[in-house]
Enquirer: 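Before I ask anything, let me first share the structure, which is written out below as structure tokens.
When reading the values below, keep in mind they use all heavy atoms of this one structure, side chains included, and skip hydrogens, waters and symmetry mates. Reminder, nothing fancy here: chain letters follow the sequence lines and each chain counts from 1.
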Amino acid sequence: SAVFGQVNLNSPSQVKQALQAKGVKCDSTGQEVLKPLAGKYPQIASLLSYRKYAAMLKKLDELKNVHPVTGRIHPKFDPLNAYTGRFSCSKPNLQNIPRDENVGVDESIRACFVPQEGFQFVLADYSQAELRIAAEISQDRLMIKVFKSGQDLHQLTASRVLEKPIDQITSSERQCAKALNFGLIYGMGSSGLAAYASSQFGVPMTETEADRYREKFFDTYRGVRTWHDKEKLNPHREELRTRSGRLIHFAGKGFTQRLNTPVQSLAADLIKVALAILVRKLEQREARIICMIHDEVVVESKKSITGEIEAIVKAAMLQAGEGLLTHVPLEVDISVADSWAGK
DNA sequence: TAACCTCGCCAC
DNA sequence: AAACGTGGCGAGGTTA
Ligand SMILES: Nc1nc2c(ncn2[C@H]2C[C@H](O)[C@@H](COP(=O)(O)OP(=O)(O)OP(=O)(O)O)O2)c(=O)[nH]1
Ligand SMILES: [Mn+2]
Ligand SMILES: [Mn+2]
């Protein structure tokens, strides 16, 4: 094309050079930068589309090593690799399998993950996991109240940003709002907020508008602002002790990391406690934990006992909160399905 | 050739 | 890309 003559589209440096040669000023060629330019340059839209499909094909390629005997994929789960105490997963990573709405064609990668004959999946995921924990850690009065009354903050934020009634928020709009909520509580700035809203949410937002939105957010959740201010005051604390007793080396960590680490760590501890409870309860039953994705558990359960297993999984995940959280209630979204796509 | 880095993108 | 964070992976590109 006129913009990309003889360039390797897989090479960010060549792409950047080609764009700059055409007078497109950019530092990076990532989505945040290119997406707002896609309307003006159809070639950029094509490039982003190509990158998306290429990423999907790469993911599929990673999933080729099915064990000949078990018919399963056996990744490595490492409980002690991530800084915050999250599990990591590799070879292949099953914690970043594309969600169906992002695959780009009417196909599902997650639907390829199915239980063995005569079994079903129980899929259980903490609702608004780290928002609840942030409410607990910051002791924000309103946020705690919101969770006690069973409201949905992701949905609420989507509704505010899109200026649409709450009952008209689609699941993918809610999904987009997650990054806004977490961005805000973990210290995202006005420029980051504006860029994200424009590129991922499709809502053009100037930096001034972003700044106004941030202020509104922190006026609403005053305890979150106080938490941030407090964290700004002691930027040199070198140790963090988690509620479960782990000591985390904190030296050299910046403001945003200091906000995130206690929350993500507690979330990691929460699900680990839940898994420990659960693995024992499942021992004598025909059901096994086959995957975990940070705040989600996938259990493969014999069909005839799925109802009982569902109750056990939910109870274990809620019970884990009893020793770790004091003010905020937990909720678990749970479903039974014949594939990871959720039926 | 292999090891390493950066970039971009997937998930939570 | 920037004061959101935590990860893994492939491809290009560089270095040993
Ligand atoms: N800092 C940060 N953390 C994220 C982001 N996306 C997900 N997480 C973390 C915080 C979430 O609570 C946690 C689990 O992700 P989920 O997709 O299950 O979202 P969440 O539990 O908040 O909402 P849900 O009610 O399950 O749809 O992972 C993000 O964009 N930034
Ligand atoms: Mn969740
Ligand atoms: Mn989840």
Enquirer: Side chain of A:Thr29 only, please: which of B:dG8, B:dA11, C:dG5 is the nearest?
Expert: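 It is B:dG8.
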
Enquirer: A:Gln14 has a side chain; which of C:dG13, C:dT6, C:dG10 sits nearest to it?
Expert: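 The answer is C:dG13, which lies nearest to the side chain.
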
Enquirer: Less than 4.0 angstrom from a charged side-chain N to a carboxylate O is my criterion; do A:Glu130 and A:Arg86 meet it?
Expert: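 Salt bridge present between A:Glu130 and A:Arg86.
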
Enquirer: Consider the side chain of A:Ser90, meaning its heavy atoms from C-beta on, and name the nucleotide among B:dC10, B:dC12, C:dC9 that approaches it most closely.
Expert: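 In terms of side-chain proximity for A:Ser90, the closest of B:dC10, B:dC12, C:dC9 is C:dC9.
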
Enquirer: Name the one of A:Leu47, A:Val24, A:Leu34 that satisfies side chain to side chain contact (heavy atoms under 4.5 Å, CB included) with A:Tyr41?
Expert: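 Only match with A:Tyr41 under side chain to side chain contact (heavy atoms under 4.5 Å, CB included): A:Val24.
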
Enquirer: If you only use heavy atoms from C-beta on, which nucleotide in C:dA11, C:dC4, B:dC12 is closest to the side chain of A:Arg99?
Expert: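 Per side-chain heavy atoms of A:Arg99, the pick is B:dC12.
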
Enquirer: Ignoring backbone atoms, test whether A:Gln31 places a side-chain nitrogen or oxygen under 4.0 Å from the OP1 or OP2 oxygen of B:dC10.
Expert: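 For B:dC10, OP1 or OP2 has a side-chain N or O of A:Gln31 closer than 4.0 Å.
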
Enquirer: Would you indicate, yes or no, if C:dG5 has its OP1 or OP2 atom less than 4.0 angstrom from a side-chain nitrogen or oxygen of A:Lys253?
Expert: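 No.
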
Enquirer: Between B:dC10, C:dC4, B:dG8, which nucleotide gets closest to the side-chain atoms of A:Ser28?
Expert: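 The listed nucleotide nearest to A:Ser28's side chain is B:dG8.
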
Enquirer: From the set C:dG7, C:dT6, B:dC7, return the single nucleotide nearest to any side-chain atom of A:Pro12.
Expert: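 Comparing C:dG7, C:dT6, B:dC7 against the side chain of A:Pro12, the answer is B:dC7.
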
Enquirer: Regarding A:Asp140 and A:Arg225, does a basic nitrogen lie under 4.0 Å from an acidic carboxylate oxygen?
Expert: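 The answer is no: the pair does not qualify as a salt bridge.
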
Enquirer: What nucleotide among C:dT6, C:dC9, C:dG8 has an atom nearest to a side-chain atom of A:Asn81?
Expert: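 Ranking C:dT6, C:dC9, C:dG8 by closest atom to the A:Asn81 side chain puts C:dG8 first.
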
Enquirer: Is the side chain of A:Gln257 donor-acceptor paired with the backbone N or O of A:Gly254 at a distance under 3.5 Å, no angle test?
Expert: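 Side chain of A:Gln257 to backbone of A:Gly254, a donor-acceptor pair under 3.5 Å: yes, one is there.
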
Enquirer: To the nearest Å, how far apart are A:Asn93 CG and C:dG10 C1'?
Expert: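 Answer to the nearest Å: 13 Å.
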
Enquirer: In whole angstroms, how far is the P atom of C:dA3 from the CZ atom of A:Phe182?
Expert: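 Computing the A:Phe182:CZ to C:dA3:P distance gives 22 Å.
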
Enquirer: Would you kindly compare A:Asn10 and A:Gly189 by the position of their nearest DNA chain C nucleotide and give the one closer to the 5′ end?
Expert: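 Final value for this comparison: A:Gly189.
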
Enquirer: Kindly say whether, by distance alone, the side chain of A:Arg86 makes a donor-acceptor pair under 3.5 Å with the base of B:dC12?
Expert: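 Under the 3.5 Å cut-off, the side chain and the base do form a donor-acceptor pair.
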
Enquirer: Can you work out whether A:Ala179 or A:Gly30 has the more 5'-proximal nearest nucleotide on DNA chain C?
Expert: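 Between the two, 5'-proximity favours A:Gly30.
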
